Amino acid sequence: QVQLVESGGGLVQAGGSLRLSCAASGRTFSSYTMSWFRQAPGKEREFVAQITWSAGFTFYADSVKGRFTISRDNAKNTVYLQMNSLKPEDTAVYYCAAKVGISYSGSSRSYNYWGQGTQVTVSS
């Protein structure tokens, strides 16, 4: 059974940084794509970034490009989201998600497995 456990959220001032972690277990993830999504109050869940587990190909939403970096540590089965130059509009619950296959998808419906989410709050 696949388990995804996020950590690293918190409260930070605008311009600050946070690093989120997603510990994955229960499967060999070499053929998976891992992504981060976020959901702000009253808004739909939106795609943030993705990485293919084996080759490490990445893709970002325009809103975070140049500020966020997604990476993975194969030995630790962990995916990271380094968030720099944070803005108040980045405030949301951030979710780690996994899907079988290495094609790009920014749709939450494509993802089979989800973590419980971690809150990120950016104050102005």
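Computed from a prediction, not measured in an experiment: that's the story for all the values here.
Within the structure, disulfide (SG to SG under 2.5 Å) contacts touching residues 30-69 (residues at least two apart or in different chains) do not occur. Judged as a salt bridge (Lys or Arg N to Asp or Glu O under 4.0 Å), not a single pair has a partner in residues 47-56 (not counting sequence neighbours). The ring pair (Phe, Tyr, Trp, His ring centres under 6.0 Å) analysis of residues 8-27, with sequence neighbours excluded, yields no pairs. Within the structure, salt bridge (Lys or Arg N to Asp or Glu O under 4.0 Å) pairs that include any residue of residues 30-42 comprise Arg38-Glu46, Arg38-Asp90 (at least two apart or interchain). Contacts classified as ring pair (Phe, Tyr, Trp, His ring centres under 6.0 Å) and involving residues 62-81 (residues at least two apart or in different chains) are not found.
Between Leu81 and Thr69, the closest side-chain pair of non-hydrogen atoms is not below 4.5 Å. With contacts defined as side-chain heavy-atom distances shorter than 4.5 Å, the pair Thr118/Val93 does not qualify. Within the 4.5 Å cutoff, the side chain of Ser107 has no heavy atoms near those of the Phe47 side chain.
The ring pair (Phe, Tyr, Trp, His ring centres under 6.0 Å) search around Tyr60 returns none, not counting sequence neighbours. Qualifying side chain to side chain donor-acceptor pair (under 3.5 Å) partners for Ser103, counting only residues two or more places apart in sequence or in other chains: Lys99. Checked against side chain to side chain donor-acceptor pair (under 3.5 Å), Arg72 has no partners two or more places apart in sequence or in another chain. Every residue two or more places apart in sequence or in another chain that forms a side chain to side chain donor-acceptor pair (under 3.5 Å) with Thr121 is listed here: Gln119. Ser35 pairs by the side chain to side chain donor-acceptor pair (under 3.5 Å) definition with Tyr111, not counting sequence neighbours.
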Side-chain donor-acceptor contacts of residues 4-29 below 3.5 Å, not counting sequence neighbours, with atom names and distances?
residue, atom, partner, partner atom, Å
Glu6, OE1, Gln116, N, 2.9
Glu6, OE1, Gln116, NE2, 3.4
Glu6, OE1, Gly117, N, 2.9
Glu6, OE2, Cys96, N, 2.8
Glu6, OE2, Gly117, N, 3.2
Ser17, OG, Asn84, OD1, 2.9
Arg27, NH1, Tyr32, OH, 3.0

List the atom pairs, with distances to 0.1 Å, where a side-chain N or O of residues 50-59 and a protein N or O form a donor-acceptor pair under 3.5 Å, not counting sequence neighbours.
residue, atom, partner, partner atom, Å
Gln50, OE1, Ser105, N, 3.2
Thr52, OG1, Gly56, N, 3.3
Thr52, OG1, Phe57, N, 2.9
Trp53, NE1, Asn74, OD1, 2.9
Ser54, OG, Ser30, O, 3.4

Would you sort out whether Arg45 and Trp114 count as a side chain to side chain contact (heavy atoms under 4.5 Å, CB included), showing the intermediate values?
CA-CA 12 Å; Arg45 193 168 295 189; Trp114 292 86; 3.3 Å; yes
What's the verdict on side chain to side chain contact (heavy atoms under 4.5 Å, CB included) for Val100 and Asn112, showing C-alpha distance, side-chain angles and the deciding distance?
CA-CA 8 Å; Val100 178; Asn112 310 98; 4.1 Å; yes
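No chain of hydrophobic side-chain contacts below 4.5 Å, direct or via other Ile, Leu, Val, Met, Phe, Trp or Tyr residues, connects Phe37 to Tyr94. A continuous path of ILVMFWY side-chain contacts below 4.5 Å connects Val79 to Val64, so both sit in one hydrophobic cluster. In the hydrophobic cluster analysis, where Ile, Leu, Val, Met, Phe, Trp and Tyr join through side-chain heavy atoms closer than 4.5 angstrom, Met34 is grouped together with Val48.
Between the side chain of Ser63 and the main chain of Ala61, no donor-acceptor pair closer than 3.5 Å is present.
Counting non-hydrogen atoms of other residues, nucleotides and ligands closer than 6.0 Å to NZ of Lys65 gives a total above 12.
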